[in-house]
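The structure appears right after this line, and notes come after that.
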Protein chains: 2
Amino acid sequence: MREAVTLSDVAREAGVSPSTVSRVINGTARVDASKRDAVLKAIERLNYQPNIMAQGLAQGRSLTVGVITQEISSPYYGEMLRGVEQALEATPYHPIFASGHWRADQEEAALKVLVGRRVDALVVMDSSVPEERLLELVKKMPVVVIGRQIEGLSCLSIDNAQGAYEGTRHLIELGHRRIAHIAGPHSHPDAIERLEGYRAALQDADVPFDPALVVEGDYLEPSGVLAVESLLARGALFTAIFAANDQMAYGANVALYRRGIRVPHDVSLVGFDDLLSSSYFSPPLTSVRQPSQEMGWEAARWVLAMLEGKSYTPRPLSTRLIVRESTTLLRSPSSRLRLQMF
Amino acid sequence: MREAVTLSDVAREAGVSPSTVSRVINGTARVDASKRDAVLKAIERLNYQPNIMAQGLAQGRSLTVGVITQEISSPYYGEMLRGVEQALEATPYHPIFASGHWRADQEEAALKVLVGRRVDALVVMDSSVPEERLLELVKKMPVVVIGRQIEGLSCLSIDNAQGAYEGTRHLIELGHRRIAHIAGPHSHPDAIERLEGYRAALQDADVPFDPALVVEGDYLEPSGVLAVESLLARGALFTAIFAANDQMAYGANVALYRRGIRVPHDVSLVGFDDLLSSSYFSPPLTSVRQPSQEMGWEAARWVLAMLEGKSYTPRPLSTRLIVRESTTLLRSPSSRLRLQMF
DNA sequence: TTGTACGCGTTATCAC
DNA sequence: GTGATAACGCGTACAA
């Protein structure tokens, strides 16, 4: 384990003082061209790299942006993280991730880790961290929250109700009236909003809301499977499903497949998020696109701006229905009858 | 932006010297029970959190493990990163990721970032970083390389040829003889190995190798689409496809779907990796399972052991064929004929 | 057992 | 312009 080259080594090598080296590196003050050159050459020769921890100690900043995510391997959060990474790429900042796994205690633990590491700013994704905690944090550093709207905080979110409304309306326009909904966990505000959008679309089309057609999932694939099985077990009649996210739609699709129910021939299926993989699903999934990567990007740009004391107005982020091949016109009334056979 | 609480603050609050506080925190030496108590109470009261950067400067370590990945939002790397995260969870270390995007220059840049941040150890995933560079790094810190075998380095990899062999043999056992292969980029050693496994399986079954049935992709979904289109365009006859990874299999599946070719009825499909989403694919994908999460986990445990000066023998990691519903017995010779109609 | 003094590598504040 | 000198917050010899 070799010794690391320090700034002093460079100074000695270049025959100048450490301060001068620091000035050359940071452009803090004018330096004579010849000395400047000598320093740069010495840096090159010694392959010097500043010690970020020492810089941080001296300047009181870590050049690090903390990101609270729920699950790093999730395709949904993956896209957001990619957006953050991209936004930070050309800056001296680097992201550091910590996962909450959808559990309040783990989120708090993750928060502690990041604060302990003296992150300069925070991006909080879909957290269930208490408002007061966030309001406390924002006194210490720039914070941007994704997926919630909290008074006094910089928030970034989409109109979940509107997205769900459009997804459901699409099915209604195709002639479907018995539309099941696989909801997200009721503990998540966005899940509630999507459920409301679903109900609003039904109401506007004079389709009666049937509680028996709604099942709660947890945003993961297996819960989509369970949801469909539970719907079928209770004898629910439906010709379409609107899932609160793509992953549950994937699960639903498999459950239908196992029963020999074809998508979209027998049942139309709409998801939410439009994950990258959804266009390669078979059939390619109709979904309400959520600009996840852009959201991560905007959040990162926002905290960067705050760090520089600049103001920033994030671009408006909106959902958009992407129609693919998992939805189709309701076929004759026989569809409903056929479902009774399953 | 509030002032942070320092160790000295705690010392003052508890009426002891800073060194005593340090000792209590790190358990470096015995401390009188009463003082110890006072310190702990003061820490609690002030909500003190040690400054990691200062600790790092003083001790010459950052409590950070650097991870070179190719693409953070990739489902494949996501699983590995999750494994790393998990392994580090109960330790004082935290991972920090940097992406190479499959480009040598960006990998080198990522490496620079991590070294600049003084990571204590390095996990390098599927890199194309030159051997010499890695051998140079290993002099400075513990390094574990995933997906390559390099003399003098701690490496972790699976038997790609064996996995590919089994995937291909499975198809052969189902009666297929005209098996197309969507290969990974020839610049990747694992892609070459998988191609060789495919060829070996054919050879062992006396099935002639037909270069016209092999197309090179880049491990991403779109290349799977292109591969199938190119096969069909050149009039290739095949009843099964072995893709070098799941993502390309997804792409292939969509391309087939668009042509009205059904999986597995008309064409059987085998992937490689067995991503989490593959069991929710429709049809659920037969795939050669690669224990990605375990690989990340083992790599992290390994560098941790090295940091502690302990020796470590990683569990053997092997591939396993997971048979699902995208493969089926070759139906009558008509399959081949039918393909001619596409 | 406890406190003092110094060093970790850098930046910032002074003089010069 | 440039170079000493003192921080930054912590760990750790060393002395007591």
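All chains are named by letter (A, B, ...) in the order of the sequence lines, taking the proteins before the strands, and each is independently numbered beginning at 1.
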Rounded to whole Å, please give me the gap between CG in B:D9 and P in D:dG9.
9 Å
Between B:Y219 and B:D126, does the side-chain hydrogen bond (donor to acceptor under 3.5 Å, both in side chains) criterion hold? Intermediate values first, please.
CA-CA 13 Å; B:Y219 277 153; B:D126 298 327; over 6 Å; no
Set of side-chain hydrogen bond (donor to acceptor under 3.5 Å, both in side chains) partners for B:S34, sequence neighbours left out:
B:D32
Would you say the side-chain atoms of A:H101 and A:E71 include a donor-acceptor pair closer than 3.5 Å?
yes
Separation of C:dG9 P from A:N51 CG (nearest whole Å)
7 Å
Could you give the angle between the helix axes at the two ends of the helix from C:dT1-D:dA16 to C:dC16-D:dG1, with five pairs per end, rounded to 10 degrees?
40°
Check the phosphate of C:dG9 against A:T6, side-chain N and O only, distance under 4.0 Å to OP1 or OP2. Yes or no?
no
Starting from P on C:dT4, measure out to CZ on B:R12 and report it in whole angstrom.
13 Å
B:L63 atom CG is separated from D:dC10 atom C1', nearest whole Å, by 13 Å
Using a 6.0 Å cut-off, check whether atom CD of B:Q149 has over 12 heavy atoms from anything other than its own residue.
yes
Indicate for each nucleotide in nucleotides 11-16 of chain D, in 5' to 3' sequence, whether protein heavy atoms under 4.0 Å reach the base (B), only the sugar-phosphate (S), or nothing (-).
SB----
Value in whole Å for how far the P atom of C:dG7 lies from CE of A:M53
19 Å
Applying side-chain hydrogen bond (donor to acceptor under 3.5 Å, both in side chains), name anything that partners B:E79, two or more places apart in sequence or on another chain.
none
B:R315 (side chain) donor-acceptor with B:E298 (main chain) under 3.5 angstrom:
no
Is the backbone N or O of A:S128 less than 3.5 Å from a side-chain atom of A:E107, with the two atoms forming a donor-acceptor pair by type?
yes
Any residue of residues 29-43 of chain B with a heavy atom less than 4.0 Å from an atom of DNA chain D
none
Set of side-chain hydrogen bond (donor to acceptor under 3.5 Å, both in side chains) partners for A:T69, sequence neighbours left out:
none
If I take atom CD1 in residue A:I52 and atom C1' in nucleotide C:dT11, what distance separates them, rounded to the nearest angstrom?
14 Å
Going through the distances and angles, do A:R148 and A:S127 end up as a side-chain hydrogen bond (donor to acceptor under 3.5 Å, both in side chains)?
CA-CA 8 Å; A:R148 282 168 79 181; A:S127 81; 3.0 Å; yes
Would you give the length of the straight line joining atom OG of A:S74 to atom CG of A:L275, rounded to the nearest 0.5 angstrom?
7.5 Å
From A:L57 CG over to A:R118 CZ, what is the distance, rounded to the nearest 0.5 angstrom?
10.0 Å
Atom-pair distance (CG on B:L57; P on D:dA7), nearest Å:
17 Å
